[in-house]
Amino acid sequence: MKRGFYTIMSAQFFSSLADNALFVAAVELMRSSGAPEWQRAALVPIFTIFYVALAPLVGAFADALPKGRVMFISNAIKVVGCLMMLFGGHPLLAYAVVGLGAAAYSPAKYGILTELLPASQLVKANGWIEGLTIASIILGIVLGGQLVGHALSMRLLALDFPIIDTGIETPPEAAIASLILVYVVAAWFNTRIPDTGVEMRPLRANPRHGMLRNLLALLPDFWHCNSRLWRDKLGQISLATTTLFWGAGGNLKYIVLAWASLALGYSTAQASSLTGVVAIGTAVGAVVASVRMRLDMATRVIPMGISMGVLLIAMNFIGNIWIAVPFLILLGGLGGFLVVPMNALLQHRGHNLMGAGRSIAVQNFNEQACILSLGAFYSACTGLGLSAYSAITAFGLVVAGFMWLIKRWHRNNLKRYPEEVEHLLAIARSDKHH
């Protein structure tokens, strides 16, 4: 890999580590303060608000500045969200601000790969970044569970700073304060990311206009990029698949917490380790896919998405930890093997159709809109009085059903547009067009 790739991986690891630990701390903060179940479930969709609302801006922003600088600014925004949680802001509002930082971070994180590497290395690079992200999810969730657990939280609360009264009095608050330091480490790595030499695409902002008017001016370009990707016969399939996968995966981390509480009687700290088990499986699947799959083979993994939906429903019938662990590893493994080649194919088509940052922003808009929609669906199910089992069943049926429709869509493309699909696959086999 080229110089700077491993610095990008390090920055991504620590930022993602803090993101996932913060989720566990936020859930415990709301639980300990007596927030209702639907508000805790709403943490997942609230995180995606700015991904959807500011998608036209963050993609153009990522293309207008060196990506390392964009990632540094994004981590600073996440720190602001943590401080809001510590000093009286509503956890949902503060977590939305952290989501704002993540929304700005993602186009730069993935976009820099297409600037740094040729097409032939994208699947391998995605295997690295997804595998490392999954490792950070595992460790982050475990870290979050430990930070809010009794043993470690008591040690953190016992720390005393002369003169300064931090106002930190509960285990979740101590956890959040500790995670600010992890974001600082990630920000330091951001400053070490080299410039890729790719020409910047300045934001077309008029200083005489207000921020809202300048944002609205970006909408035509964003929707044009969005439409181009949805019209592309390979782009549309990879975008639909990754959109649905991340919609399901983004909500799965809370669903596993709710299921473990009901089926196994686990606390937040105990249940967080099971979310890490899913991530272990995803990491294994991601690594296997990065070794065995090529860019032009990506569409062969679509049936695995249907299996994921079916396995979500089957999770309701498990009440034994020794069965749950291998089951959750299998569930995660299918997801990891599915998302790596599909992500790489989507990045490749997006890079050929538009700028890397704009392509990732379009991807994020669709994926986070799906997380928001499925999260709202799950929250509504629990808010209407359905048990976690019933809500998970409905969720699994939606995932399996939509993935089956995507499979039929691709099959129809192969029948109606065989020459166009074959031409796009030929491009995917070559570095010359990347």
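- Nearest heavy atom pair, residue Leu17 against residue Gly140, reads CD1-N, 3.3 Å.
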For Leu338 and Leu334, run side-chain contact (heavy atoms from CB on, under 4.5 Å): C-alpha distance rounded to whole Å, both residues' side-chain angles, the deciding distance at 0.1 Å, then the answer. CA-CA 6 Å; Leu338 169 77; Leu334 288 176; over 6 Å; no
What verdict does the side-chain contact (heavy atoms from CB on, under 4.5 Å) test give for Ile306 and Phe402, after you've listed the backbone C-alpha separation in whole Å, the side-chain angles of each residue and the deciding distance to 0.1 Å? CA-CA 8 Å; Ile306 302 173; Phe402 274 100; over 6 Å; no
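- Between Leu311 and Met308 the shortest side-chain heavy-atom distance does not fall below 4.5 Å.
- Note: Gln236 CD to Thr243 OG1 = 12.0 Å, rounded to the nearest 0.5 Å.
- Remark: the backbone N or O of Leu257 is not paired with any side-chain donor or acceptor of Ser261 at under 3.5 angstrom.
- The shortest distance between side-chain heavy atoms of Gln39 and His90 falls below 4.5 Å.
- Checked against the 6.0 Å centroid threshold, Phe365 and Trp223 count as a close aromatic pair.
- In this model, no donor atom of one side chain and acceptor atom of the other lie less than 3.5 Å apart for Ser136 and Asn20.
- Side-chain contact between Ile176 and Leu83: absent, with no pair of heavy atoms (C-beta onward) separated by less than 4.5 Å.
- Across all their heavy atoms, Ala248 and Val399 have their closest contact at CB-CG2, 3.8 Å.
- No side-chain donor-acceptor contact under 3.5 Å links Thr282 to the backbone of Gly336.
- Within the 4.5 Å cutoff, the side chain of Leu143 has heavy atoms near those of the Leu147 side chain.
- Here His410 contributes atom NE2 and Asn413 contributes atom CG; the two are 7.5 Å apart, rounded to the nearest 0.5 Å.
- In terms of heavy-atom proximity, Pro172 sits nearest to Val148 at CA-CG1, 4.2 Å.
- The distance from the CZ atom of Phe47 to the OH atom of Tyr95 is 5.0 Å, given to the nearest 0.5 Å.
- Nearest approach of Gly145 to Val24, heavy atoms of both residues: N-CG1, 3.7 Å.
- Within the model, atoms CG of Leu312 and CD1 of Ile255 stand 6.5 Å from one another, a figure rounded to the nearest 0.5 Å.
- Applying the 6.0 Å contact sphere to CZ of Phe72 captures no more than 12 heavy atoms from other residues, nucleotides or ligands.
- Shortest non-hydrogen contact noted between Ile77 and Val97 is CG2-O, 3.6 Å.
- Here the side chain of Trp259 pairs a donor or acceptor atom with the backbone of Met315 at under 3.5 angstrom.
- For Lys233 and Tyr417, the positive end sits near the middle of the six-membered ring, less than 6.0 Å away and at most 45° from its axis.
- Residues Met342 and Phe245 form no side-chain contact, since every pair of their non-hydrogen atoms from C-beta on lies 4.5 Å or further apart.
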Quick one: do Trp246 and Asn343 satisfy side-chain contact (heavy atoms from CB on, under 4.5 Å)? Show the steps, please. CA-CA 11 Å; Trp246 288 114; Asn343 253 348; 4.0 Å; yes
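- Across every non-hydrogen atom of Pro91 and Met85, the tightest pair is O-CE, 4.1 Å.
- Checked by atom type and distance alone, the side chain of Ser15 never pairs as donor or acceptor with a backbone atom of Gln12 at under 3.5 Å.
- Ring orientation note: the planes of Trp409 and Trp230 are close to parallel, at an angle under 30° on the 30°/60° scale.
- Side chain of Asn316 to main chain of Tyr389: a donor-acceptor pair is present (N/O by atom type, distance under 3.5 Å, no hydrogens or angles).
- Checked by atom type and distance alone, the side chain of Asn251 pairs as donor or acceptor with a backbone atom of Ile371 at under 3.5 Å.
- Under a 3.5 Å cut-off, the side chain of Ser390 and the backbone N or O of Leu386 do not form any donor-acceptor pair.
- Between Val301 and Thr241, every side-chain heavy-atom pair lies at or beyond the 4.5 Å cut-off.
- With hydrogens and angles ignored, the 3.5 Å screen pairs a side-chain donor or acceptor of Ser32 with a backbone N or O of Leu29.
- With rounding to the nearest 0.5 Å, the separation of CZ in Phe337 from OG in Ser307 is 12.5 Å.
- Of the inter-residue distances, the one linking Ile302 atom CD1 with Arg411 atom CZ reads 10.0 Å to the nearest 0.5 angstrom.
- Within the 4.5 Å cutoff, the side chain of Leu229 has heavy atoms near those of the Leu346 side chain.
- Side-chain contact check for Asn190 versus Ile193: some heavy-atom pair is nearer than 4.5 Å.
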I would like to know whether Phe395 and Leu252 meet side-chain contact (heavy atoms from CB on, under 4.5 Å); could you show each step before the answer? CA-CA 10 Å; Phe395 193 90; Leu252 187 61; 5.9 Å; no
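- Atom CZ of Phe327 has more than 12 heavy atoms from other residues, nucleotides or ligands within 6.0 Å.
- Between the side chain of Thr242 and the main chain of Leu239, a donor-acceptor pair closer than 3.5 Å is present.
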For ring pair (Phe, Tyr, Trp, His ring centres under 6.0 Å), just list the numbers for Phe14 and Phe189, CA-CA rounded to whole Å, side-chain angles, deciding distance to a tenth of an Å, and then say yes or no. CA-CA 9 Å; Phe14 284 104; Phe189 276 107; 5.7 Å; yes
